[in-house]
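Below: the structure, in structure tokens.
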Amino acid sequence: MKRILLFLILSAVLGVVNAQDIKFHVSVEGDGKLHPGDDTYITLLIENEGKADGFILNENTSKLLTLITTAKDLRVEIEDEWIPITVETVNPQLIGDLPSGKIAKAVFRVRVDKDAKPGEYRVPIRLKYTKVSYLTTTSGAMLDYSEETDVEYLKIEITKKDYDFTVTSIKSNLRVGVEGLVDVTIKNIGRFKMYNATLTINVAPPLKPNPSATSSHLGDLDVNKEAKATFKIYVTDEALNQVYPAELILNFERVDGKTVTISHKIGLKVEDAELFSIEDVKTFLTSAKIVENKTIPSRGFVRVVVKDLGENVRDVVATLSFETPLIQAENSPYLGNLKKGDVRTVTFYVRCLAPEGSYRGKLILSYKNELGDEEAKDYYIGVNVNSAPIKVVSVETRNVGVGSRGDVIVRIKNGLNCDVRNLELTIVPPRSITPLSPACYVELLKPDEVEEAKFRIAVSGELVSGYYNLYLIERYDIVDVEDVVSVAEIPLFVEPKRAYFEVISVESYLYPDETGDVIVKVRNIGNITIHNGVVELEVSTPLTIAGGSSLSGLIGKSQPGLYFIGTLKPGDIAIAKFRIDVDKDAGAGYYPAIVKVKYDDDEGYTHESNPITVSLEVREKPLLNPVTITATVLIAIAVVAGFRFARRRAK
């Protein structure tokens, strides 16, 4: 009878989970066509088609409808493992909250393999988000947050351009002050044949074309067929030992006779025939970041290979300067003495305050000639400032909220093709966030290897919740270069103010085969006032909540004890009392229990605290207790009375 009554009570209290469904429609902006070798951007359009069936809408539930049909913290990822497309930007991208009926955009930079096979491809788009569900009860609605993943497939077509060509090889012998030859081989990589094709080269000073050898007639050019052309170029005395831009212009006719013109940029290398040549230039420079009007510099290197083409020289010193003061070399390497044919590699350590981009540097080689006279040669080189190669793969936060302390877990990936050693990671947060544990060390990070770095921060109570940028200073060694510095951005979400709780003390008066008391003191250590607070105590065998039933066992979950504490301001302490049944076979010792607090915030939303594990002590049953004492006294009285009665009869 008791079980039936309890079932009826539960049926009256609990409602039914209302049905809502979040679905996405993903499409691409434009025609969705890409070409082999493309380095371009695609824009994804993500529409939330969330619905809630059987939802009773009124002025009190309109906000709830918006909440349960919103995809919260939406992240969009293009899975490029099995397609000939590589995503070059951050993947996945964080979209944020996407309400039903709204469309969000996600822009990805992609690179199509140059050998990609034409055709249609189904590109998996993975969408991760937080779904809010609710359970209707007699007192309101209980919310539940769950992580969900949806995969939509997007059709992308890879197709060749109708007409296009590529440069398969360039050979030249251009030297300062003389005329040289440029041999070029091109290939028809378009969809259609080119007729009556002519290839022309266009150059600018200090290069001058020979008017009689600036164009070459190629004739008809079938698909995937190659053709060669030779041009004559004169190099003036003002030319430097570097690569100069040139343009190849292809004029041809289509099958319908219409003339078409296509051009491609190329580089022509000029060699200084006098003394030195720059054989190779490798740069490793990363961009700086600005944090609250203060620039965090990076530190990289420029490595130059120099060859002596002429006379013997002594005491060669290399210096490097840049047109912008934002890039500065820190050293001037000494090359020593060089003979004709000698090759030296010099490394400049460079401090960079510049953003991403291309910059020009001036390399000066100072030396003494065979007569002892001091001379110098100038060379110009190009350097690129790129993003940090230690990539931030993902960011996870724990208890990072306004006025609280929490952890930031950053997963980083080595984007270089070499080992990274002695990696020191330091976070630089904005002004209202204080780093408590700001540094992390990784001894070795291999190419494409992912490592986890943990940091602890304190968030000011005056900070507004939302997204902020932390900056990760990366100091490491690569190859034979030490103390390289890069700076990366870390997106950080600071949660709104919340309530947090701590268990101050637990008092238990428990004995085997008895019902005892457990008193739990809980303090609100958060920064908001809670309402309708309920302390839950969950125990496990051999302890049970007094007054419970076997129904909890049928549903596979123990039935917690509940104690109403009402309103609790920050810093206030509440005392919750519970009655616990102890199994007769329970041994003396400590048993685990879980304490949680459910409460409403100022806006009426229900929350549940993180579980807090406590221990409950079961003590051995004392030999003397009120029952045994009473029994002992009665037995003693009976013995004394019997003894006196026996003596009287004996008299």
Side-chain angles (χ1 to χ4, degrees), residues 75 77 86-94 106-109 283-301 326-327 349-357 359 383-397 400 406-431 433-457 467-479 481-494:
R75 289 139 293 175
E77 177 183 6
T86 302
V87 180
E88 300 290 342
T89 49
V90 175
N91 191 25
Q93 291 190 16
L94 179 62
V107 181
F108 294 85
R109 180 183 173 186
T283 62
F284 185 86
L285 296 178
T286 59
S287 60
K289 301 296 180 183
I290 299 177
V291 183
E292 297 183 349
N293 299 322
K294 181 179 179 181
T295 303
I296 302 176
S298 64
R299 187 174 189 263
F301 65 88
L326 299 177
I327 307 177
Y349 286 92
V350 178
R351 185 174 184 266
C352 180
L353 293 168
E356 294 183 32
Y359 300 87
V383 298
N384 292 323
V385 177
N386 301 311
S387 59
I390 310 299
K391 303 295 183 181
V392 176
V393 177
S394 63
V395 180
E396 178 185 350
T397 58
V400 176
D407 296 334
V408 180
I409 298 95
V410 182
R411 298 181 74 244
I412 56 173
K413 179 180 179 181
N414 180 5
L416 297 170
N417 57 0
C418 62
D419 292 347
V420 170
R421 306 183 310 278
N422 302 320
L423 174 60
E424 299 178 17
L425 301 169
T426 306
I427 57 169
V428 179
R431 186 176 305 169
I433 299 177
T434 303
L436 303 178
S437 177
C440 181
Y441 176 78
V442 179
E443 183 176 1
L444 177 64
L445 194 63
K446 294 183 177 297
D448 294 325
E449 186 176 4
V450 176
E451 188 66 41
E452 192 175 86
K454 298 181 180 179
F455 308 94
R456 178 158 292 174
I457 60 175
Y467 285 93
Y468 295 86
N469 279 335
L470 297 184
Y471 293 89
L472 185 67
I473 300 178
E474 309 159 346
R475 188 182 298 271
Y476 49 93
D477 304 333
I478 55 175
V479 194
V481 180
E482 299 179 350
D483 204 22
V484 176
V485 179
S486 302
V487 185
E489 291 184 358
I490 303 175
L492 177 70
F493 179 70
V494 177

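No hydrogens, no waters, no symmetry mates; every other heavy atom, side chains included, goes into these values.
- Between the SG atom of C440 and the CG atom of L423 there is a distance of 8.0 Å, given to the nearest 0.5 Å.
- Listed for the Q93 side chain is a donor-acceptor partner under 3.5 Å among the backbone atoms of V107.
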Could you walk me through whether F493 and V395 satisfy the side-chain contact (heavy atoms from CB on, under 4.5 Å) test, starting with their C-alpha distance in whole Å, then the side-chain angles of each, then the deciding distance to 0.1 Å, before giving a yes or no? CA-CA 10 Å; F493 179 70; V395 180; over 6 Å; no
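- Put simply, the side chain of S394 does not reach to within 4.5 Å of the side chain of V410, judged on heavy atoms.
- Side-chain atoms of V408 and I427, non-hydrogen and from C-beta on, never get closer than 4.5 Å to each other.
- Nearest heavy-atom pair, F301 versus L285, reported as atom, atom and distance to 0.1 Å: N-CD2, 3.9 Å.
- Heavy atoms from other residues, nucleotides or ligands lying under 6.0 Å from NZ of K413 number 12 at most.
- When the side chain to side chain donor-acceptor pair (under 3.5 Å) test is applied to N469, no partner is found at least two apart in sequence or on another chain.
- Nearest heavy atoms, P435 versus I433: CD-O, 3.8 Å.
- Atoms CG and SG, from N386 and C352 in turn, are 10.0 Å apart once rounded to the nearest 0.5 Å.
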I would like to know whether I473 and V485 meet side-chain contact (heavy atoms from CB on, under 4.5 Å); could you show each step before the answer? CA-CA 7 Å; I473 300 178; V485 179; 4.0 Å; yes
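- Note on residues 415-429: pairs passing side-chain hydrogen bond (donor to acceptor under 3.5 Å, both in side chains), not counting sequence neighbours, are N422-Y441, N422-D477.
- Across E482 and Y349, no two heavy atoms sit closer than the pair O-CE2, 3.2 Å.
- Between the side chain of N414 and the backbone N or O of K446 there is at least one donor-acceptor pair closer than 3.5 Å.
- Shown here are the side-chain contact (heavy atoms from CB on, under 4.5 Å) partners of V479, two or more places apart in sequence or in another chain: C418.
- Contacts of Y468 classified as ring-ring contact (aromatic ring centres under 6.0 Å, His included), with partners at least two apart in sequence or in another chain: none.
- Atom-to-atom distance recorded for L326:CG and T295:OG1 is 8.0 Å, nearest 0.5 angstrom.
- The backbone N or O of V383 lies less than 3.5 Å from no partner atom in the side chain of T283, so there is not a single donor-acceptor pair.
- Here the straight-line distance linking atom OH of Y476 with atom CG of L416 works out to 6.0 Å at 0.5 Å rounding.
- A donor-acceptor pair under 3.5 Å is formed between the side chain of T89 and the backbone N or O of R109.
- Annotation: the span from S486 atom OG to K289 atom NZ amounts to 10.5 Å, rounded to 0.5 Å.
- Under the rule for a side-chain contact (heavy atoms from CB on, under 4.5 Å), the partners of I409 that lie at least two apart in sequence or sit in another chain are E396, R398, D407, E452, K454.
- Within the model, atoms CD of E88 and OG1 of T86 stand 6.0 Å from one another, a figure rounded to the nearest 0.5 Å.
- Two residues are said to be in side-chain contact when any heavy atoms from C-beta on lie closer than 4.5 Å; Y467 and L94 meet this criterion.
- For the side chain to side chain contact (heavy atoms under 4.5 Å, CB included) with R456, the lone residue among L436, T434, V400 that qualifies is L436.
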Mind running side-chain contact (heavy atoms from CB on, under 4.5 Å) on I412 and V450 for me, showing each step along the way? CA-CA 5 Å; I412 56 173; V450 176; over 6 Å; no
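- Under the side-chain contact (heavy atoms from CB on, under 4.5 Å) criterion, P297 pairs with R351, L353, sequence neighbours left out.
- Within the 4.5 Å cutoff, the side chain of E474 has heavy atoms near those of the L425 side chain.
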